[in-house]
Amino acid sequence: MKIDSSFVKNLFASDVIKVDAGNSIPLGDHFYFVNSGVVSGSIGVKRPAKFKAEAGQFFSLKSIINPEDKVNFALADTMVELTMVKYTELEKVLSGTDKNLSALLKSLISQGIH
């Protein structure tokens with residue numbers, strides 16, 4: 001199941017950026033939602049693993065739950081349009097949510113997102 005980009009834009013204060021194929025994607029205190037295109041990279045401190053994220057998927061989000069799961073690098077395989085969301089925006093949503101729902105969301109993030 002893919003998530004619609006308007007959902008992400010309506011849930012979080014965010015910026016949309018475009019990155020040309022072959023260019024690195026800036027990493028920092030934010031995560032991304034892929035609106036279009038394909039991104040590949042490496043995730044993990046102790047055991048780096050390759051990942052691919054396509055339209056409708058998130059990346060660089062898992063590290064907010066577990067710092068060991070940070071994205072080491074990300075590269076635009078194709079021209080990509082990304083919604084960039086600061087980690088603080090996610091924290092605002094999680095802190096304003098029922099604690100059980102917040103725990104469930106954190107669990108889902110740690111298990112199924114790059």
Side-chain angles (χ1 to χ4, degrees):
M1 177 180 91
K2 289 189 179 177
I3 298 171
D4 183 83
S5 63
S6 62
F7 170 77
V8 176
K9 291 175 189 174
N10 291 332
L11 186 60
F12 303 109
S14 60
D15 295 309
V16 174
I17 66 168
K18 293 183 179 183
V19 180
D20 291 327
N23 288 336
S24 296
I25 295 166
L27 303 173
D29 65 342
H30 47 266
F31 63 94
Y32 292 100
F33 178 79
V34 182
N35 299 320
S36 63
V38 178
V39 173
S40 64
S42 173
I43 184 172
V45 174
K46 292 181 181 177
R47 293 179 157 224
K50 293 180 181 180
F51 76 88
K52 220 176 239 315
E54 300 176 349
Q57 296 180 324
F58 291 94
F59 71 94
S60 201
L61 180 55
K62 234 175 155 177
S63 64
I64 197 168
I65 307 300
N66 181 2
E68 295 290 315
D69 288 329
K70 78 175 206 154
V71 170
N72 302 311
F73 77 91
L75 183 72
D77 289 348
T78 64
M79 163 63 172
V80 294
E81 181 182 282
L82 306 166
T83 299
M84 182 175 68
V85 182
K86 290 188 179 265
Y87 290 142
T88 54
E89 288 299 313
L90 177 62
E91 287 296 333
K92 286 179 194 176
V93 170
L94 293 176
S95 67
T97 303
D98 173 78
K99 67 179 183 176
N100 293 320
L101 181 56
S102 179
L104 173 65
L105 291 172
K106 286 180 180 181
S107 176
L108 291 171
I109 290 167
S110 69
Q111 293 177 33
I113 295 177
H114 305 297

Taking the side chain as C-beta and beyond, is there a heavy-atom pair between H30 and D15 under 4.5 Å?
-> no

Residue pair G37 / T78: nearest heavy atoms and the distance that separates them | CA-OG1, 3.2 Å

For L61, the option from V71, L90, V85 that meets side chain to side chain contact (heavy atoms under 4.5 Å, CB included) = L90

Is there a side-chain contact between L82 and M84 (heavy atoms, below 4.5 Å)?
-> no

Would you say the side-chain atoms of Q57 pair up with the backbone N or O of E54, donor to acceptor, closer than 3.5 Å?
-> yes

Roughly how far, to the nearest 0.5 Å, is OG of S60 from NZ of K70?
-> 9.0 Å

Which heavy-atom pair separates V16 from T83 by the least distance, and what is that distance?
-> CG2-OG1, 4.0 Å

Heavy-atom pair of closest approach, residues G28 and Y87 = O-CE1, 3.7 Å

Taking the side chain as every heavy atom from C-beta outward, state whether I25 and F59 have any pair of such atoms under 4.5 Å apart.
-> yes

Distance (rounded to the nearest 0.5 Å) between K50 NZ and N72 CG | 12.5 Å

Identify the heavy atoms of S36 and A55 that sit nearest to each other, and give their distance.
-> CA-CB, 4.0 Å

Describe, in one word, how the ring planes of F58 and F31 are oriented to each other, choosing from parallel (under 30°), tilted (30 to 60°) and perpendicular (over 60°).
-> tilted

Check: V80 main-chain N/O paired with N35 side-chain donor or acceptor under 3.5 Å = no

Same hydrophobic cluster for V38 and Y32, using side-chain heavy-atom links shorter than 4.5 Å among ILVMFWY?
-> no

Does V39 share a hydrophobic cluster with I17, counting links as ILVMFWY side-chain heavy atoms below 4.5 Å and allowing steps through other members?
-> yes

Shared hydrophobic cluster, I43 / L27 (ILVMFWY, side-chain heavy atoms < 4.5 Å) | yes

Nearest non-hydrogen partners of V19 and S24, listed with the distance | CG1-O, 3.9 Å

With the side chain counted from C-beta on, respond yes when V45 and P67 share a heavy-atom pair under 4.5 Å apart, and no when they do not.
-> no

